[in-house]
Amino acid sequence: MSLVFLVCAGTENKLSTLSDLEQQYRTLRKYYENCEVVMGNLEITSIDRSRDLTFLRSIREVTGYVLVALNQFDYLPLENLRIIRGTKLYEDRYSLAVFLNYRRDGNFGLVLPLFSTEILSGGVYVDQNKFLCHADTIHWQDIVKNPKIHPVVVPTNSSVTCQKCHRSCNGRCWGPKADQCQSLTKTVCAEQCDGRCFGPYVSDCCHRECAGGCYGPKDTDCFACTNFNDSGACVTQCPQPFVYSPTTFQLEHNPRAKYTYGAFCVKKCPHNFVVDHSSCVRACPSNKMEVEDNRVKMCIPCTDICPKGKPQTGFAKTQALKNTILLKTIYFGLRQSYIGTKKESKKHLWNSPWNP
């Protein structure tokens with residue numbers, strides 16, 4: 001497992017689309033090129049068939065949801081996506097939503113390369129993707145952590161033009177080739193395994209902190225971490241600022257302490273975040289104020305009434321400016337047909353006979 005990940009911010013535009021499809025593609029590429037961890041949602045919408053999307057292969061993790069809608073391309077290169085955390089859900093239900101993707105001309109539809117992915121929270125919605133193949137040969141129960149709790153809405157019959165899985169895939173694949181088999185890491189495990197595995201035997205159990213699978217039994221052999229990544233090891237929590245000493249019978253400063261930043265343990269918070277206790281946060285809560293000590297911005301409790309009207313700092317200031325620019329761009333550049341498209345798509349989503 002890599003010890004350093006390139007992090008990028010996600011989006012929350014849902015079906016909002018820029019009027020210029022060229023700009024839509026450039027914006028997508030600007031957000032996610034060379035990105036490995038998406039802090040937020042991965043939204044891929046209104047991309048036409050001729051675009052190069054190979055830059056998406058670098059993405060390994062998404063903390064929010066993945067939305068793929070209103071596209072015309074054939075192949076979505078997310079082969080290296082290992083975990084969708086679902087800290088935010090599309091329409092408050094789905095970690096993965098794939099709908100209304102197809103070419104307006106031709107007989108080939110979208111291919112979803114879900115090689116070894118785990119969805120920690122939220123369900124799956126796949127519908128109205130003309131000519132979509134192999135949605136029913138993906139073993140979704142192996143991907144969704146709690147399929148009994150979260151809805152899995154997927155068509156049960158593939159297009160008649162689809163090719164069958166390669167014989168080496170045992171009927172579980174996302175494409176017809178030998179290298180497009182789905183790697184099962186949960187439903188094939190021994191009963192003694194507490195989570196994922198890399199084989200059918202008791203000795204093939206992954207560490208309990210692994211997500212998406214593993215290539216060995218140690219906490220450093222995980223494809224992704226269920227909770228936190230501490231310098232390549234998957235842990236339940238990051239090293240805390242204070243530890244109990246059985247010698248002095250008191251809490252003492254921990255020289256190996258780290259801050260929590262998303263699903264990572266870091267020695268320093270990013271420059272546009274502030275420290276609140278042992279975590280990197282976007283802005284201080286209402287009962288705390290931001291101060292700077294030894295060039296470290298941190299939140300401390302207000303002694304009386306927290307000061308009002310202070311300029312935004314840290315991530316909040318940066319994000320507010322980005323959101324203002326983005327909203328203005330979208331407002332002046334939306335397609336005239338967008339409102340009708342969004343209403344129809346949302347109506348379709350909630351009125352589907354598969355929607356519980």
Where do C238 and C265 land on the disulfide bond (SG atoms under 2.5 Å apart) test, with the steps shown first?
-> CA-CA 6 Å; C238 297; C265 304; 2.1 Å; yes
Go through the steps for C197 and C189 under the test disulfide bond (SG atoms under 2.5 Å apart), then give the verdict.
-> CA-CA 6 Å; C197 63; C189 301; 2.1 Å; yes
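- Formation of a donor-acceptor pair under 3.5 Å by the T137 side chain with backbone atoms of C173 is found in this model.
- With V98 as the partner, the side-chain contact (heavy atoms from CB on, under 4.5 Å) test is satisfied by one option alone out of V154, V68, L67, D127: V68.
- Under the 30°/60° scheme for interplanar angles, the aromatic rings of Y75 and W174 are found to be tilted.
- No side-chain donor-acceptor contact under 3.5 Å links Q128 to the backbone of F99.
- Between Y215 and F198, a ring centre-to-centre spacing not shorter than 6.0 Å is recorded.
- By the SG-distance test at 2.5 Å, no disulfide connects C206 to C210.
- Salt-bridge check for E118 with K186: failed, with every basic side-chain N at 4.0 Å or more from each acidic carboxylate O.
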Please report the C-alpha distance between C193 and C205 in whole Å, then the side-chain angles of each, then the deciding distance to 0.1 Å, and finally whether the disulfide bond (SG atoms under 2.5 Å apart) criterion is met.
-> CA-CA 5 Å; C193 293; C205 296; 2.0 Å; yes
Going through the distances and angles, do C162 and C133 end up as a disulfide bond (SG atoms under 2.5 Å apart)?
-> CA-CA 6 Å; C162 294; C133 288; 2.0 Å; yes
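- Look at D74 and R49 and you find no salt bridge, because none of the NZ, NE, NH1 or NH2 atoms lies under 4.0 Å from a carboxylate O.
- The existence of a salt bridge linking E22 and R51 is confirmed by a sub-4.0 Å separation between a basic side-chain nitrogen and an acidic carboxylate oxygen.
- Using a 4.0 Å cut-off between charged side-chain N and carboxylate O, E61 and R82 make no salt bridge.
- Ring planes of Y90 and Y65: perpendicular class, angle over 60° (limits at 30 and 60°).
- We find that R196 and D142 are joined by a salt bridge, their nearest charged nitrogen and carboxylate oxygen being less than 4.0 Å apart.
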